[in-house]
Visitor: 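One structure is given below, represented as structure tokens, and several questions about it will come after.
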Amino acid sequence: MNADESFLGRCPECGEDISEAWILVEYEKDDGTEGVWTECPACADVVAPEQTAE
């Protein structure tokens, strides 16, 4: 991953890192926070990236 790509989280299916380049849809949740759906670059599933504590 390039240093200029922003890390969104990991694929809940395969664990691959997902960057902003893979965003398909951005939306606002009912609680006012932002959500995203992305394509996983490894398994090609459409997923909501999981945030990890680093």
Side-chain angles (χ1 to χ4, degrees):
M1 183 180 313
N2 295 334
D4 62 338
E5 291 181 320
S6 182
F7 176 74
L8 294 174
R10 299 196 191 291
C11 175
E13 301 297 321
C14 72
E16 180 75 14
D17 289 351
I18 300 176
S19 70
E20 286 183 351
W22 293 95
I23 292 176
L24 299 173
V25 176
E26 295 180 82
Y27 63 96
E28 185 175 323
K29 297 179 183 179
D30 290 337
D31 65 4
T33 60
E34 184 178 292
V36 295
W37 288 101
T38 67
E39 180 180 350
C40 174
C43 67
D45 285 343
V46 175
V47 298
E50 295 180 338
Q51 298 297 313
T52 56
E54 293 187 35

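All figures in this text were calculated on a predicted structure; none of them were measured in a lab.
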Visitor: Determine whether more than 12 heavy atoms belonging to other residues, nucleotides or ligands lie under 6.0 Å from atom CG of D31.
Guide: yes

Visitor: As an exercise, state the distance from OG1 of T38 to CG of L8, rounded to the nearest 0.5 Å.
Guide: 6.5 Å

Visitor: What pair of heavy atoms forms the shortest contact from K29 to G35, and how long is it?
Guide: CE-CA, 3.8 Å

Visitor: State, to 0.1 Å, how close E39 and I18 come at their nearest heavy-atom pair, and which atoms those are.
Guide: O-CG2, 4.3 Å

Visitor: Of all heavy-atom pairs between D45 and E13, which one has the smallest distance, and what is that distance?
Guide: OD2-CG, 3.6 Å

Visitor: Compare all side-chain heavy atoms of C43 with those of E16 and state whether any distance is below 4.5 angstrom.
Guide: no

Visitor: Heavy atoms only: give me the nearest P12-E50 pair and the separation to one decimal.
Guide: CB-OE2, 3.2 Å

Visitor: Applying a strict under-4.5 Å side-chain criterion to I, L, V, M, F, W and Y, I'd like to know whether Y27 and L24 cluster together.
Guide: yes

